[in-house]
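To start, the structure under review is shown below, and the notes come after it.
Fair warning: this is a prediction, and the values are worked out from it, not measured in the lab. Every chain is numbered from 1 and lettered A, B, ... according to where its sequence line falls, protein lines coming before strand lines. For the numbers below, each heavy atom of this structure counts, side chains included, while hydrogens, waters and symmetry mates do not.
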Amino acid sequence: MSRTLTAELPALVGKRVLIEGWMHTMRSFPDFSFLVIRDRSGQAQVILEEGPELQRLRGLQNESVLRIEGDVVAEERSPIGVDVRNPSITVLAPVTEVGPFELNKKVLKPSLDVFLNHAPYGLRHPSKVATFRVMSTLLSAYREFLVGQDFTEISTPKIVGAATEGGANVFAVEYFDRHAYLAQSPQLYKQIMVGVFERVFEVGHAFRAEEHYTSRHLNEYCSLDLEMGFIRSQQDVMDVLAGVISAMVDAIHERNPREVEMLKIELPLGHSFPEITFRAGQQLILDRYGENRFHEPDLSPQDERRLGEWAKEEHGSDFLFVTHYPTVKRPFYAYPDPDDPEHSETFDLIFRGVELVTGGRRINDYEQLVASMEARGVDPQPFGGFLEAFRYGMPPEGGFAVGSERFLARLMNADNIRETTLFPRDVGRLTP
RNA sequence: GGUCCCGUGGUGUAGCCUGGUUUAACAUGCCACCCUGUCAAGGUGGAGAUCGCCGGUUCAAAUCCGGUCGGGACCGCCA
């Protein structure tokens, strides 16, 4: 007999079926017990009468893996409208050890630290399953939308010979008889690939050796990157970003209604993507909060929260593009606004008060690119491969990077980005 | 790297300020028994913690002080 998923049972009343899954919980009465089986599709309850089948479960704890053959019986009192009766049980994987915390309660109780220490066990909780199903949808929808826009998916190396932006915050790794680094971002490679495919995207991990102790940073995160050529301005990039973000949100709405309800996700459906320049943003903070931020070359987290509130109030949007950041605060490849070289064609997308995306137009002229590197004291020597792409003709181009864990964290209003990361890597955590 | 907060049975908390009636409390989980439809099942009972660790103050420390280890929040930095 082949396996039936629990979600299919309501359509199989009167049939004898075989289900397999984990013992989620068991509630006992004098003459019978309710055994709840959990599989990837949901849960079903099995009615166990007193007898050898119940005896077979003696001493077994929750999470034991069972195969159960039984009759599907219509039952109004059952949560899914049917029960499985007259079961014949095979224990596929017995568990005799009690788990570190409860998986069969509606809310997960352990603190984040305890949870993460037992992630292989804890991730089975229905709320975590739902969380990472939504993540899966985010990634799928990102890919599907961009493929539909004629983008090509690429996969670039994560072991690199030079730090992407000449920064210090890279992890060094031994590479045979040399030193190498873990890529901080696919930035340079995706730009190179614009010369090949025009439009590329990548779903890959980025590594940052920064010792940040915050609820929104990881030392390894999954970056949703994109780069595209033949643009007129950064606006073209921003338009694609708004499109793909909307598509991702729509996909969750369509594909994960159960998860949205369970996690109480408030989706930013039908939102606009208002824009404000960096300067205007600072002016706004002066006007609304009386704080003069004009001497600052960047926005603080508090500034971003305040601008996010403004966007919500004035434009009814959870999103806000902040554009034209000071050129000095941006990397060497950022494209200075020809009319105002102190500011660059770069943007951040703020989502619910947090930086979700950074992007912009890049310098595509070879001479200008080398000059920009030298002006910042970046030695062009290690970037030979990168520069080669520009020596042989690079169209006007730009792109962005979305932090996937951060997106999901803001979507479901998580307190900490580690809640939306399967196995987070931070300063103190390398296992599991 | 800076500032601030928290470590009490497996898990989550109360107790700490104002040291001593505390055999360290409650919920949940576990074990046993009771209960004919539970669905965060219910009831009764039981086991389970030398209060992160080290030192100090004191007649007396979970409680006060110092150090240390672990965790968290915010800032810097970023996605």
Using a 4.0 Å heavy-atom cut-off across all strands, classify A/Arg305 as base, sugar-phosphate, or nothing. sugar-phosphate
Using only side-chain N and O atoms of A/Ser215, determine if any of them is under 4.0 Å from OP1 or OP2 of B/C74. yes
Quick check for you: to the nearest 0.5 Å, what is the distance between A/Ile47 atom CD1 and A/Glu53 atom CD? 14.5 Å
Interatomic distance at P, B/A25 relative to B/G48, whole Å: 12 Å
Within the 4.0 Å heavy-atom criterion, would you say A/Val114 contacts the bases, only the backbone, or no part of the nucleic acid? sugar-phosphate
Whom does B/A25 pair with, Watson-Crick or G-U wobble, provided both distances fall under 3.5 Å? B/U13
Looking at every strand, decide which applies to A/Leu224 at a 4.0 Å heavy-atom threshold: base, sugar-phosphate, or nothing. nothing
With a non-hydrogen cut-off below 4.0 angstrom, is A/Pro79 in contact with a base, only sugar-phosphate, or nothing? base
Under 4.0 Å between a side-chain nitrogen and a carboxylate oxygen: does that hold for A/Asp287 and A/Arg306? no
A/Ser300 or A/Ser223: which one's nearest nucleotide on RNA chain B is closer to the 5' end? A/Ser300
Could you please name the option among B/U28, B/A79, B/C35 that lies closest to any side-chain atom of A/Phe29? B/C35
With no hydrogens and no angle check, do the side chains of A/His212 and A/Thr214 hold a donor and an acceptor under 3.5 Å apart? no
Distance check, C1' atoms only: B/C51 and B/G15, in whole angstrom units. 10 Å
Between the base of B/C77 and the side chain of A/Glu210, is there a donor-acceptor distance below 3.5 Å? no
Any strand: nucleotide that pairs with B/G55 via Watson-Crick or wobble, under 3.5 Å: B/C65
Whole-angstrom distance between B/U22 and B/C39, as gauged at atom P: 37 Å
With the stacking rule set at 5.5 Å and 30°, tell me whether A/Phe101 counts as stacking on B/U11. no
Rounded interatomic separation in angstrom, taking NE2 from A/His217 and P from B/G1: 16 Å
Scan every strand shown for a Watson-Crick or G-U wobble partner of B/A73, both distances under 3.5 Å, and answer none if you come up empty. B/U3
Whole Å only: how far is the CG atom of A/Asn117 from the C1' atom of B/G70? 10 Å
Sugar-phosphate only, base, or nothing, as touched by A/Tyr213 at under 4.0 Å among non-hydrogen atoms: base
Using atom P in both nucleotides, what's the gap between B/C65 and B/C5 to the nearest angstrom? 12 Å
Which part of the nucleic acid, if any, lies within contact of A/Arg58, taking any heavy atom under 4.0 Å across all strands shown: a base, the sugar-phosphate backbone alone, or nothing? sugar-phosphate
At under 4.0 Å between heavy atoms, what does A/Gln61 touch on the DNA or RNA strands: base, sugar-phosphate, or nothing? sugar-phosphate
Of all the nucleotides listed (B/A79, B/U28, B/G72), which has the minimum atom distance to the side chain of A/Arg418? B/G72
Sugar-phosphate only, base, or nothing, as touched by A/Ser33 at under 4.0 Å among non-hydrogen atoms: nothing
I'd like to know if the side chain of A/Glu75 pairs up with that of A/Gln45 as donor and acceptor (distance under 3.5 Å, no hydrogens or angles considered). no
If you measure only the distance, is there a donor-acceptor pair under 3.5 Å linking the side chains of A/Gln302 and A/Arg305? no
Short side-chain N/O contact to B/A40 OP1/OP2 from A/Gln43, under 4.0 Å: no
Phosphate-side-chain proximity, A/Arg216 and B/C75, N/O vs OP1/OP2 below 4.0 Å: yes
Does the side chain of A/Thr156 come under 3.5 Å of the side chain of A/Lys158 through a donor N or O and an acceptor N or O? yes
Taking the P atom in each of B/C33 and B/G7, what is the distance between them to the nearest angstrom? 39 Å
Across the strands shown, which category fits A/Glu50 at heavy-atom distances under 4.0 angstrom: base, sugar-phosphate, nothing? nothing
Between B/U38, B/C30, B/U11, which one does the side chain of A/Ser78 approach most closely? B/U38
Does any nucleotide pair with B/G46 by Watson-Crick or G-U wobble geometry, both distances under 3.5 Å, and what is it? B/C30
Per A/Asp298 side chain, nearest of listed nucleotides B/C78, B/G12, B/G72: B/C78
Reckon A/Asp31 touches a base, only the sugar-phosphate, or nothing at all at heavy-atom distances under 4.0 Å? base
Does A/Lys128 make a cation-pi contact with A/Phe115 (under 6.0 Å, within 45 degrees of the axis)? yes
Side chain of A/His271, backbone of A/Asp318: donor and acceptor closer than 3.5 Å? yes
Is there a side-chain contact between A/Asn169 and the phosphate of B/C78, meaning an N or O under 4.0 Å from OP1 or OP2? no
Could you check whether the side chain of A/His212 and the base of B/C78 have a donor-acceptor pair of N or O atoms closer than 3.5 Å, going by distance alone? no
When you measure from the side-chain N and O atoms of A/Lys329 to the phosphate of B/C78, is any distance below 4.0 Å, counting only OP1 and OP2? yes
Report the residue (A/Gly59 or A/Thr25) whose heavy-atom-nearest nucleotide on RNA chain B is the more 5′ of the two. A/Gly59
For B/C78, which nucleotide is its Watson-Crick or G-U wobble mate, given both distances must be under 3.5 Å? none
Look only at the side chain of A/Asp113 and the backbone of A/Leu116, and say whether a donor-acceptor pair between them is shorter than 3.5 Å. no
Going by modelled atom types, is there a donor-acceptor pair between the base of B/C35 and the side chain of A/Arg27 at under 3.5 Å? no
Would you classify A/Asp348 as touching base, sugar-phosphate or nothing, given that sugar-phosphate means primed atoms plus P, OP1 and OP2, and contacts are heavy atoms under 4.0 Å? nothing
Within the pair A/Arg330 and B/C78, is there a side-chain N or O less than 4.0 Å away from OP1 or OP2? no
In whole Å, what separates the P atom of B/G43 from that of B/C35? 16 Å
Any side-chain N or O of A/Thr214 less than 4.0 Å from the OP1 or OP2 oxygen of B/C77? no
Can you check whether A/Val36's main-chain N or O pairs, donor with acceptor, with A/Thr25's side chain at less than 3.5 Å? no
Just compare B/G71, B/U36, B/C78 and give me whichever is closest to any side-chain atom of A/Pro301. B/C78
Give me the distance, rounded to whole Å, that separates B/A40 from B/A47 when you measure between the P atoms they each carry. 30 Å
Atom CD of A/Gln45 to atom P of B/A40: distance rounded to whole Å? 11 Å
Check every atom of B/U28, B/G72, B/C35 against the side chain of A/Lys105 and return the nucleotide holding the closest atom. B/U28
In whole Å, measure the gap between the C1' atoms of B/C64 and B/A79 for me. 45 Å
Take the protein atom CG of A/Asp426 and the nucleotide atom P of B/C77, then report the distance between them rounded to whole Å. 20 Å
